[in-house]
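Before any comments, here is the structure.
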Amino acid sequence: MSKYLIIVESLAKAKIIEKYLGKDYKVKSCYGHVRDLHPKRLSVDIENGFVPTYEIPPDKKDVIAELKTAAADSEHVWLATDEDREGEAISWHLKVALKLEDKHTSRITFNEITKPAILEAIKKPRKVNEDLVNAQQARRVLDRLVGFELSPLLWKKVMPALSAGRVQSVATRMVVDRERDIESFKRESSFRIVGEFTTSEDKTVSAELPTRPEDEAAAHDFLDTCRVACFSVKSIETKPGQKSPSPPFTTSTLQQESSRKLGFSVSQTMTVAQKLYEEGKITYMRTDSVNLSATALEETKELIITRFGDTYSKPRQYKTRTKGAQEAHEAIRPTDPSQSAFDGDRSMVRLYDLIWKRTITSQMANARLEKTTARIGISTREEEFIARGEVVIFDGFLKVYEVSVDDEQQEGEKGLLPVMTVDESLALQHMTARQRFTQPPPRYTEASLVKNMEEQGIGRPATYAQTISTIQKREYVTREDRPGYERHYRVLTLGSDDISSATEVEITGAEKAKLFPTDIGEIVNDFLVEQFNRIMDYGFTASVEEEFDEIALGRIAWPVMIAKFYNPFHESIITATERADKATGERLLGVDPASELPVFARLGRRGPMVQIGEYNTENKPRFSSLQDGQNIRTISLDQALDLLKLPRDLGVYNEEPVSVGSGRYGPYVRYGEKYLSIDTETDDPLEIDLVRAIALIAEDHKKREERLIKTFPENPSVQVLNGKFGPYISIDGKNVRIPKDQTPISLTLDECLELATKSKPGRSQRRSRRKR
DNA sequence: CAGTGAGCGAGCTTCCGCTTGACTT
């Protein structure tokens, strides 16, 4: 029995702290929040001061029971949850759920897991800060009210099972707005003029004209006047320059960098980082702070000096400037900076390498550069060419790491300029005027969307990955690759004497793993923006955060703040419920020439679809859902009519009718009572004929055979199959797991039946049983 | 995951922010 119990939020943290303290201390984890509102009920008493009803979620019962026992065995309990609003609330919930008495309970905090920090914290116990807890309750209740009143409105006005919330709806809006910026972007072109010259020492120097003629005629005119011109160096200027390293990683910057450099998705980054954390290789990965502990600073400094020398060391403490940052943890860094690499899982090794380098470089000296600018005069014109060179004279942090940039690489590599002197005349080799186009704003990647969310203070490190996945799961946003298209551009070249021109081709607009809004996303977004302007405003979170801060300072009571928000909000809900039309995004595509019926595209109960005919005419309308890659806003009448050609009868095979249709799960071939999905990558449902359909049926048959490991002639309802998770037994459509010590191929019928009777119901079956 | 339709309409869906294992049949 230990005298003291310390409760922290994370298991790995508990283990570390336990090591630091003597055997008088037991350190346990509560695994995050231990009480919450019911997942399906509102659990907020709106009439009576918004009083929330909290309960212990089923998966937390064991944790609470264990902590209760541990608390009963201890003289004193230290609530050491994170030093932020949520952490304070967790401590309060723990106190209530564990029925801890004031005199046996203290609240302590530390924002770095080092021995001195913890010992210091224990010396400064305090009470749970009720005001801060109230700020958290306000946050929780507001999110619940917004989510649970907006979502049902969408079920009525748009489509069932949709969702809306303070964070996800604004994140979706960012993607929609960006897409519209891109659509309305007016592409302009101009001519970039570059000359290549030879110096007196027979070296080549490339220089660009700082102004760009707007059209080909002007570019031609410029080149024409250069034909007879002499060129000479007007001035050479050398200036020192610097580059500084980036601050250590936070969750958001780690996600960005690992997306750019490793191509990881946001959730992949978090999974790998979690593993590194659990293995003790890095500090906590959900953080908004760029702060490094004193020990980390010291160790890093030492390492840099030993490895690279004194001149490379420049200890720095960075300041967190992110909106709403709570800084309950350190920045993400290696726990042991002297370990620069290790053997193991490739993803872990690569992510660790990124973290190690970022941490080390953040403590290294700036790189020093020498930037040279040479201006080259033209005898026949006023303008001057400019040649730029850049040399690194001291590499500093660049020795270890170079930051990558999101946007397209700048044109033209910079290097050292050849030696030139003022007034030196230069011989023109050739000059080109190349048509260049302005770029629309870039589409978001998962990581750059997180970056933007963070800048607006929307979402938290613990939820970025979750939010990104929610808006994709709801099909508001899709992550896709898009092929580029060919673009022609003009190039004029001034050679030794004459000007030639040509049209060249480049590929542009290709996208990889970018976020696009879907029809549903746009329709939901437009509906919400129209009806709930305040919540959909990018600044909404920031503005309510200010009020939460007021609550945390004890200046206003949280139910007062919530009432002030809720009353007008609820009014808009009522107005929208009564007055707003259903939002379907309906578009009239035209009239079918054959039947003279109108054709529409709109959002149906099961997603985007096309419709021919109307309900008020004698014939019922027919429907077809859109295929992947088709949009309500862009589909043409012909494409819609093609879709409406389904289902098509193809003929008869083995006395069974064969047809092609399109259902809720996409296009399919129907053969008798069997359906098989068509892969639109390889087949077009409108092109498939009976021969191809029969081939697909045969293919499917073969696949089914391959899945089959074993059958029993005496009982055909029992099969041993190979599934997604390995071999299993199927009995009358019921699936049974095979224990690890059994070989699937050698199972007998009796063994299968026995396993079936003994098998424990899985999670889904247990749930349905409880329902009954 | 299993399944392939749409003026029936019962009963369902939903938020954000803290945490990790379950373990898919």
Side-chain angles (χ1 to χ4, degrees), chain A residues 8-13 29-37 39-44 57 59-60 63 81-82 84-87 89-90 93 136 139-155 159-169 274 277-278 284 286 326 328 458-464 466-467 470 474 541 604-607 609 611 614-616 620-625 646-647 661-670 673-678 721 723-731 733-738 755-756 759-765:
Chain A
V8 295
E9 287 178 48
S10 131
L11 178 63
K13 204 168 171 179
S29 164
C30 69
Y31 304 93
H33 272 294
V34 293
R35 296 201 312 165
D36 193 12
L37 307 176
K40 301 213 158 140
R41 294 195 281 266
L42 183 63
S43 303
V44 176
D59 61 328
K60 286 292 163 63
V63 175
T81 53
D82 296 348
D84 57 16
R85 195 164 66 203
E86 297 296 325
I90 292 173
H93 282 301
Q136 193 274 346
R139 199 278 305 156
R140 183 69 189 90
V141 167
L142 181 125
D143 283 337
R144 172 51 64 97
L145 291 172
V146 169
F148 275 43
E149 295 210 1
L150 278 185
S151 302
L153 184 65
L154 293 181
W155 306 341
M159 234 174 98
L162 295 177
S163 65
R166 173 177 58 84
V167 173
Q168 59 170 291
S169 297
Q274 174 90 27
Y277 171 64
E278 282 169 12
Y284 199 57
R286 292 184 276 262
Q326 310 226 353
I458 295 162
R460 301 276 312 133
T463 56
Y464 292 137
Q466 178 62 46
T467 304
T470 299
R474 298 270 180 270
T541 290
R605 287 180 67 77
R606 293 196 169 96
M609 61 173 201
Q611 170 187 339
E614 281 174 291
Y615 293 126
N616 53 16
K620 278 190 176 179
R622 288 195 305 116
F623 307 90
S624 179
S625 50
L646 300 175
S662 179
R664 55 202 286 208
Y665 309 108
Y668 60 87
V669 169
R670 180 171 175 174
E673 284 310 301
K674 269 198 204 154
Y675 294 84
L676 40 122
S677 292
I678 297 171
L721 298 169
K724 200 162 91 184
F725 313 110
Y728 66 99
I729 306 166
S730 162
I731 300 181
K734 218 187 105 185
N735 295 329
V736 180
R737 196 151 41 118
I738 299 173
L755 281 170
S759 82
K760 277 185 234 145
R763 215 176 19 177
S764 55
Q765 289 167 40

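Quick caveat: nothing in here was measured; it's all calculated off a predicted structure.
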Under the criterion of centre distance below 5.5 Å and interplanar angle below 30°, is Phe148(A) classified as stacked on the base of dT14(B)?
yes
Item to check | dC8(B) OP1/OP2 closer than 4.0 Å to side-chain N/O of Arg605(A) | outcome: no
Of Lys13(A) and Gly604(A), the one whose nearest nucleotide on DNA chain B sits closer to the 5' end is Gly604(A)
C1'-based separation of dG9(B) from dT13(B) [nearest Å] | 15 Å
Does Tyr31(A) offer a backbone N or O that forms a donor-acceptor pair with the side chain of Lys60(A) under 3.5 Å?
yes
Against the side chain of Glu9(A), the closest entry in dC16(B), dC18(B), dT20(B) is dC18(B)
For the pair Gln326(A) (side chain) and Arg85(A) (backbone), establish whether a donor and an acceptor sit closer than 3.5 Å, ignoring hydrogens and angles. yes
Derivation and outcome, side chain to side chain contact (heavy atoms under 4.5 Å, CB included), residues Leu42(A) and Leu145(A) = CA-CA 8 Å; Leu42(A) 183 63; Leu145(A) 291 172; 4.3 Å; yes
Hey, does Val167(A) reach any base, or is it just sugar-phosphate, or nothing, if we go heavy atoms under 4.0 Å?
sugar-phosphate
When Ile90(A) and Leu150(A) are each assigned the nearest nucleotide of DNA chain B, the 5'-most assignment goes to Leu150(A)
What's Ser151(A) touching, base or sugar-phosphate or nothing? Going by heavy atoms closer than 4.0 Å. base
Item to check | Side-chain N or O of Lys40(A) closer than 4.0 Å to phosphate OP1/OP2 of dT13(B) | outcome: yes
Whole-Å distance, Glu278(A) CD to dT19(B) P, equals 12 Å
By the 4.0 Å heavy-atom rule, please label Asp82(A) as base, sugar-phosphate, or nothing.
sugar-phosphate
- Query: Which whole number of Å gives the distance between the P atom of dA2(B) and that of dA22(B)?
  - Reply: 25 Å
For dC18(B) and Arg35(A) - does any side-chain N or O of the residue sit under 4.0 Å from the phosphate oxygens OP1/OP2? no
Q.
Please classify the nucleic acid contact of Gly459(A) as base, sugar-phosphate, or nothing, using heavy-atom distances under 4.0 Å.
A. sugar-phosphate
note: Arg474(A), atom CZ; dT14(B), atom C1'; distance rounded to Å ~ 7 Å
Indicate, with a heavy-atom threshold strictly under 4.0 Å, whether Arg139(A) touches base, sugar-phosphate, or nothing.
-> base
From CG of Asp36(A) across to P of dC15(B) the rounded distance in Å is 13 Å
Just to confirm, is there a sub-4.0 Å distance from OP1 or OP2 of dG17(B) to any side-chain nitrogen or oxygen of Thr463(A)? yes
To the nearest angstrom, the CE-P distance between Met159(A) and dC12(B) comes to 19 Å
Note to self: Taking Pro160(A)'s backbone N and O only, do any of them form a donor-acceptor pair with Arg605(A)'s side chain (distance below 3.5 Å, no angle check)?
What the structure shows: no
- Message: Give me the distance, rounded to whole Å, that separates dC23(B) from dC1(B) when you measure between the P atoms they each carry.
- Response: 14 Å
When pairs are called at under 3.5 Å and a stem needs at least three consecutive Watson-Crick or G-U pairs, the stems of DNA chain B are none
Quick note, Ala462(A) side chain, CB onward, closest among dT19(B), dC16(B), dT14(B) is dT19(B)
Between CG of Leu142(A) and P of dG17(B) the distance, given in whole Å, is 11 Å
To the nearest angstrom, the CZ-C1' distance between Arg144(A) and dC15(B) comes to 6 Å
Rounding to 0.5 Å, atoms OH (Tyr668(A)) and CD1 (Ile678(A)) come to a distance of 9.5 Å
Out of dG7(B), dC18(B), dC15(B), minimum distance to the side chain of Phe623(A) belongs to dG7(B)
Considering only heavy side-chain atoms of Glu86(A), the closest of dT14(B), dC18(B), dC16(B) is dC18(B)
Would you confirm whether Thr463(A), through its side chain, and Gly459(A), through its main-chain N or O, come within 3.5 Å as a donor-acceptor pair? no
Between the side-chain atoms of Ser677(A) and the base atoms of dT4(B), is any donor-acceptor pair under 3.5 Å?
yes
Testing dC18(B), dA6(B), dT4(B) for proximity to the side chain of Met609(A), the answer is dA6(B)
Problem set entry | N/O (side chain, Gln136(A)) to phosphate O (OP1/OP2, dG17(B)) under 4.0 Å | no
Please check the phosphate of dT20(B) (OP1 and OP2 only) for any side-chain N or O of Ser10(A) closer than 4.0 Å.
yes
> So what does Gly32(A) touch, heavy atoms closer than 4.0 Å: a base, only the sugar-phosphate, or nothing?
Replying inline: base
Electrostatic pair Arg144(A)-Asp36(A), nearest N-O below 4.0 angstrom
no
Q) By centroid distance (under 5.5 Å) and plane angle (under 30°), are Tyr31(A) and dT19(B) in a stacked arrangement? A) no
Need one value for Tyr284(A): base, sugar-phosphate or nothing, where a base atom within 4.0 Å counts as base even if backbone is also close, heavy atoms only. sugar-phosphate
| task | Look at the side chain of Arg286(A) against the base of dC18(B) and say whether a donor-acceptor pair falls under 3.5 Å; ignore hydrogens and angles. | result | no
### Task
Examine dC16(B): is either OP1 or OP2 under 4.0 Å from a nitrogen or oxygen in the side chain of Gln168(A)? Give yes or no.
yes
Exactly one of Glu86(A), Glu9(A), His93(A), Arg140(A) clears side-chain hydrogen bond (donor to acceptor under 3.5 Å, both in side chains) with His33(A), and that residue is Glu86(A)
Here the distance between atom P of dC15(B) and atom NE2 of His33(A), to the nearest Å, is 16 Å
Asp143(A) CG to dC15(B) P, in whole Å, measures 11 Å
Taken to the nearest 0.5 Å, the spacing of Glu278(A) CD from Ser10(A) OG works out to 8.5 Å
Phosphate OP1/OP2 of dC16(B): any Arg460(A) side-chain N/O under 4.0 Å
no
Rounded to the nearest 0.5 angstrom, the OH-CZ distance for Tyr464(A) and Arg286(A) is 13.0 Å
Check: Looking only at side-chain N and O atoms, does Arg670(A) come under 4.0 Å of OP1 or OP2 in dT4(B)?
Finding: no
Which part of the nucleic acid does Ala89(A) contact within heavy-atom distance under 4.0 Å: base, sugar-phosphate only, or nothing? nothing
So CZ of Arg139(A) and OG1 of Thr541(A): to nearest 0.5 Å the spacing works out to 10.5 Å
